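Given the structure is predicted, the values throughout are model-derived calculations rather than measurements.
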Amino acid sequence: QSLYIYLESMPAGTLYISMKRFRERLALESQVKDQNAIIRRALNDLNKIGYLDYSESKKGREIMFIIHGRSPKLKGIDMGGA
């Protein structure tokens with residue numbers, strides 16, 4: 001939900017956001033590898049519900065997410081009985 005709100009507040013068009021920036025924005029207190037997994041899972045969930053079209057790239061040690069498009073018309077997600 002926090003990533004959704006953050007992404008919706010960004011200007012229209014292609015966005016380039018680093019993993020580091022997402023971690024800073026979320027201010028999670030877990031280990032970096034766990035934070036990275038949480039961010040990837042959240043982005044994947046946003047993709048599954050049709051909100052987000054993105055790709056991930058790596059340049060050196062820097063992980064970047066390229067947000068190609070966003071659509072606020074959400075489909076809903078099956079949370080597996082949650």
Side-chain angles (χ1 to χ4, degrees):
Q1 189 174 14
S2 294
L3 284 181
Y4 171 79
I5 293 167
Y6 175 59
L7 291 170
E8 268 301 290
S9 71
M10 303 294 280
T14 302
L15 302 172
Y16 299 86
I17 306 172
S18 70
M19 179 71 85
K20 180 180 178 185
R21 180 66 187 121
F22 276 134
R23 286 194 309 261
E24 290 169 353
R25 179 70 181 176
L26 294 175
L28 302 171
E29 295 184 6
S30 53
Q31 293 181 3
V32 170
K33 68 177 184 162
D34 295 331
Q35 292 178 45
N36 291 352
I38 290 167
I39 291 165
R40 282 188 174 109
R41 188 169 46 246
L43 291 172
N44 188 44
D45 286 347
L46 290 172
N47 178 264
K48 282 182 184 177
I49 63 172
Y51 169 70
L52 191 64
D53 177 26
Y54 76 98
S55 58
E56 181 177 338
S57 68
K58 191 170 185 179
K59 187 172 185 179
R61 295 184 58 119
E62 184 84 23
I63 299 168
M64 291 294 296
F65 293 98
I66 304 156
I67 310 300
H68 304 287
R70 294 166 282 163
S71 175
K73 296 177 182 176
L74 304 179
K75 294 181 202 169
I77 188 168
D78 178 12
M79 299 300 282

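- Residues Tyr54 and Asn44 have side chains in contact (heavy-atom distance under 4.5 Å, counting atoms from C-beta outward).
- Applying the salt bridge (Lys or Arg N to Asp or Glu O under 4.0 Å) criterion to Arg23, with sequence neighbours excluded, gives no partner residue.
- Residue Met10 holds its CE atom at 9.0 Å from CD1 of Ile67, rounded to the nearest 0.5 Å.
- Glu8 pairs by the salt bridge (Lys or Arg N to Asp or Glu O under 4.0 Å) definition with nothing, not counting sequence neighbours.
- By the 6.0 Å contact criterion, CD on Glu62 is enclosed, its count of non-hydrogen atoms from other residues, nucleotides or ligands being greater than 12.
- Between Leu28 and Asp34, the closest side-chain pair of non-hydrogen atoms is not below 4.5 Å.
- Closest approach of Gly50 to Ser71, counting heavy atoms only: O-CB, 3.8 Å.
- To the nearest 0.5 Å, atoms OH (Tyr51) and CG (Leu46) are separated by 7.0 Å.
- Contact detail for Pro11 and Arg70: the closest heavy-atom pair is O-NH2, 2.6 Å.
- Distance CE/Met64 to CE/Met19: 11.0 Å, rounded to 0.5 Å.
- Here Lys20 contributes atom NZ and Arg61 contributes atom CZ; the two are 12.0 Å apart, rounded to the nearest 0.5 Å.
- In this structure, NE2 in His68 is found 10.0 Å from CG in Asn47, a value given to the nearest 0.5 Å.
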* Asked: Which is it for Tyr16 and Arg21 under the side-chain contact (heavy atoms from CB on, under 4.5 Å) test, yes or no, and what are the steps along the way?
  -> CA-CA 10 Å; Tyr16 299 86; Arg21 180 66 187 121; over 6 Å; no

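- The closest donor-acceptor contact from the side chain of Arg25 to the backbone of Tyr6 lies at 3.5 Å or more, if one exists at all.
- Counting only heavy atoms from C-beta outward, the side chains of Leu26 and Gln35 never approach each other to under 4.5 Å.
- The residue from Leu3, Ile38, Asn36 that alone fulfils the side-chain contact (heavy atoms from CB on, under 4.5 Å) condition with Phe22 is Leu3.
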